[in-house]
Amino acid sequence: MKQLLLILGLTLASVPAQAACYADYKAKQDDPLRLHYGVAELPDSACSRQAAAQALQPRLAREGWTLLNILSIFGPEGLAERKASAGQYFLRY
């Protein structure tokens, strides 16, 4: 029994914690000018404003959007309150 608990404990300790990371942001398109507010899921390595901008810029650019700014970085607890405001841009990019 002790060996089983020890193995289980070592297995769980070797699995990295997966804390979800999200950012809310503003983006624009030109000609005609269009703006949007969105929420995006980020990799664990991009949980700072600067890293989030670097991760999000190419995703947005593929569809002609320019990132204006990262408003905040947050965990899953902040998703529900932002969903309605982000509308179609909720977790799209």
Side-chain angles (χ1 to χ4, degrees):
M1 183 65 159
K2 288 182 182 180
Q3 287 178 335
L4 179 61
L5 290 174
L6 179 61
I7 291 170
L8 181 61
L10 290 174
T11 302
L12 291 175
S14 67
V15 176
Q18 295 291 324
C21 181
Y22 302 90
D24 57 347
Y25 65 91
K26 290 184 181 178
K28 72 169 186 162
Q29 280 184 338
D30 292 320
D31 203 20
L33 179 63
R34 295 176 51 204
L35 302 171
H36 88 249
Y37 165 80
V39 173
E41 185 171 10
L42 302 168
D44 290 341
S45 61
C47 288
S48 71
R49 285 183 186 212
Q50 183 177 5
Q54 291 174 346
L56 196 50
Q57 280 175 330
R59 295 188 215 172
L60 292 165
R62 281 192 288 268
E63 292 190 29
W65 291 98
T66 301
L67 178 66
L68 295 174
N69 63 337
I70 300 292
L71 301 172
S72 63
I73 305 292
F74 56 94
E77 68 283 348
L79 285 174
E81 67 191 64
R82 291 170 172 92
K83 186 173 184 175
S85 296
Q88 68 178 347
Y89 299 106
F90 181 75
L91 301 180
R92 181 172 178 174
Y93 299 101

Which pairs of donor and acceptor atoms, one on a side chain in residues 51-62, lie under 3.5 Å apart (sequence neighbours left out)?
| unit_1 | atom_1 | unit_2 | atom_2 | d |
| --- | --- | --- | --- | --- |
| Arg59 | NH1 | Glu41 | O | 2.9 |
| Arg59 | NH1 | Tyr93 | O | 2.3 |
| Arg59 | NH2 | Glu41 | O | 3.2 |

Heavy atoms of Tyr25 and Leu67 approach each other most closely as CB-CD1, 3.8 Å
Partners meeting ring-ring contact (aromatic ring centres under 6.0 Å, His included) with Phe90 (sequence neighbours left out) | none
Connected hydrophobic set around Leu35, excluding itself, where side chains approach under 4.5 Å = Leu33, Leu68
What distance separates Tyr22 OH from Ile73 CD1, expressed to the nearest 0.5 Å?
-> 12.5 Å
Are there more than 12 heavy atoms of other residues, nucleotides or ligands under 6.0 Å from atom CD of Glu77?
-> yes
Residue set satisfying salt bridge (Lys or Arg N to Asp or Glu O under 4.0 Å) with Asp30, at least two apart, ordered chain then number -> Lys28
Could you list the residues that satisfy side-chain hydrogen bond (donor to acceptor under 3.5 Å, both in side chains) with Arg34, not counting sequence neighbours?
-> Gln29
Which residue pairs satisfy the salt bridge (charged side-chain N to carboxylate O under 4.0 Å, His left out) criterion with at least one member in residues 80-93, sequence neighbours excluded?
-> Asp24-Arg82, Glu63-Arg92
Residues two or more places apart in sequence or in another chain: which of them pass side-chain contact (heavy atoms from CB on, under 4.5 Å) with Asn69?
-> Lys26, Leu71
Nearest heavy atoms of Pro76 and Ala20, plus distance in Å | CD-O, 3.8 Å
Kindly assign one of parallel, tilted or perpendicular to the pair Trp65 and Tyr89, based on the angle between their ring planes and the thresholds 30° and 60°.
-> perpendicular
